[in-house]
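A quick write-up on the structure given underneath.
Below, all heavy atoms of this structure are taken into account, side chains as well, without hydrogens, waters or symmetry copies. Per chain, numbering begins at 1; letters A, B, ... match sequence-line order.
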2 protein chains.
Amino acid sequence: MAGSKVGSIGEYIREQRQRAKISLRQLAAVSGISNPYLSQIERGLRKPSAEILQQIAKGLRISAEALYVQAGILDEREADTDTQAAIRADLLLTERQKQVLLDIYESFRRENEAAAAAAADEEDPDHDAPGDDTQASAGEDTDDARRKTS
Amino acid sequence: MAGSKVGSIGEYIREQRQRAKISLRQLAAVSGISNPYLSQIERGLRKPSAEILQQIAKGLRISAEALYVQAGILDEREADTDTQAAIRADLLLTERQKQVLLDIYESFRRENEAAAAAAADEEDPDHDAPGDDTQASAGEDTDDARRKTS
DNA sequence: TCAGGGTGCTTGCAATTGCAAGCACCTTAG
DNA sequence: CTAAGGTGCTTGCAATTGCAAGCACCCTGA
């Protein structure tokens, strides 16, 4: 198997794990694999079998297929229909249910956009060195406030 | 991996190969794997990786997914609705969010099926209405026609 | 300060995977 | 009859996979 793919699945797993905010050992434990092995997988030193990927997916509470696709052993499904349109057109759902799903979908989308914007804001200070002092100062105040609320 | 599953994938591969009327060596050659190894796989002496299954599927000109299902590393897919397919393919959602939406969707579906069953029990008495008999009869004819064309 | 609990990683090893070399057997042509 | 070509399988081995034992480091509480 091409090393580039294996590196990709390891990065992907680490990414999903960090999103779930669990440690490597915790994920290894709930997945039922050894933590050194999970570490090696994440760093691309080992190429896990499909069974191991299945276990990791279970631990991450995502579908095994998603990991298989990243690992290059399953093709990405086409089905490029729009999620919102599909929900609205789904005859097996009541209108109320459609709305609930759409609300959650949009909330997830906003969440992801906010995460993307936050990532962009962290990169901006690097571009404007003079403005950094002002923005960094403001940023510190915000961080202090967050610590107090936590 | 449970030996019973491995024995099953080996039998399945041999079956498909014999249906295709090609020898073990021919399949091994077009699949790009060694013929002794293919022999061992067919007899359940070895458990092939997903990559090897992928190659065998290519040689047999069947989908890799079919072999994955037999090997127990992929669940048999239910017929996805458009909504499910759309959620799975949505690049703007994280894997975790997809799973949450799918779980809620399926819960709604089950809710609706239960409601439909309850409604059907309440409507049974209405079938005695004359107009309803005519429609039910037409529906049955349509079903018969479909069975003949299938 | 030290002890305990947490983090991720290193290392050696047993088991497994996949292969190359070769065997045993069958069929066909000369 | 033999030789050639085909079939499926045996065996030993290198490489890989997955693990257990343990290391290095960090943080917190007494």
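In this structure, B:Leu24 places its CG atom 18 Å from P of C:dC26, rounding to the nearest Å. Put simply, CD on B:Glu42 is 13 Å from P on D:dT7, counting in whole angstrom units.
In this structure B:Ser39 satisfies the side-chain hydrogen bond (donor to acceptor under 3.5 Å, both in side chains) test together with B:Arg43, sequence neighbours excluded. Among residues two or more places apart in sequence or in another chain, the side-chain hydrogen bond (donor to acceptor under 3.5 Å, both in side chains) test is passed with A:Glu15 by none. Evaluation of the side-chain hydrogen bond (donor to acceptor under 3.5 Å, both in side chains) rule for B:Glu95 yields A:Tyr12, B:Lys98 as partners, not counting sequence neighbours. In this structure, B:Ser31 has no side-chain hydrogen bond (donor to acceptor under 3.5 Å, both in side chains) partners at least two apart in sequence or on a different chain.
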Under 3.5 Å, which donor-acceptor pairs do the side chains of residues 100-107 of chain A form with other protein atoms, sequence neighbours left out?
from	atom 1	to	atom 2	distance (Å)
A:Asp103	OD1	A:Gln99	NE2	3.0
A:Tyr105	OH	A:Arg109	NH1	3.1
A:Tyr105	OH	B:Asp90	OD2	2.5
A:Glu106	OE2	A:Gln84	NE2	3.3

Revision key, fill the gap. The contact string for nucleotides 10-23 of chain D, one letter per nucleotide 5' to 3', using protein heavy atoms under 4.0 Å with B, S and - for base, sugar-phosphate only and none, comes out as BBB----BBBBBB-
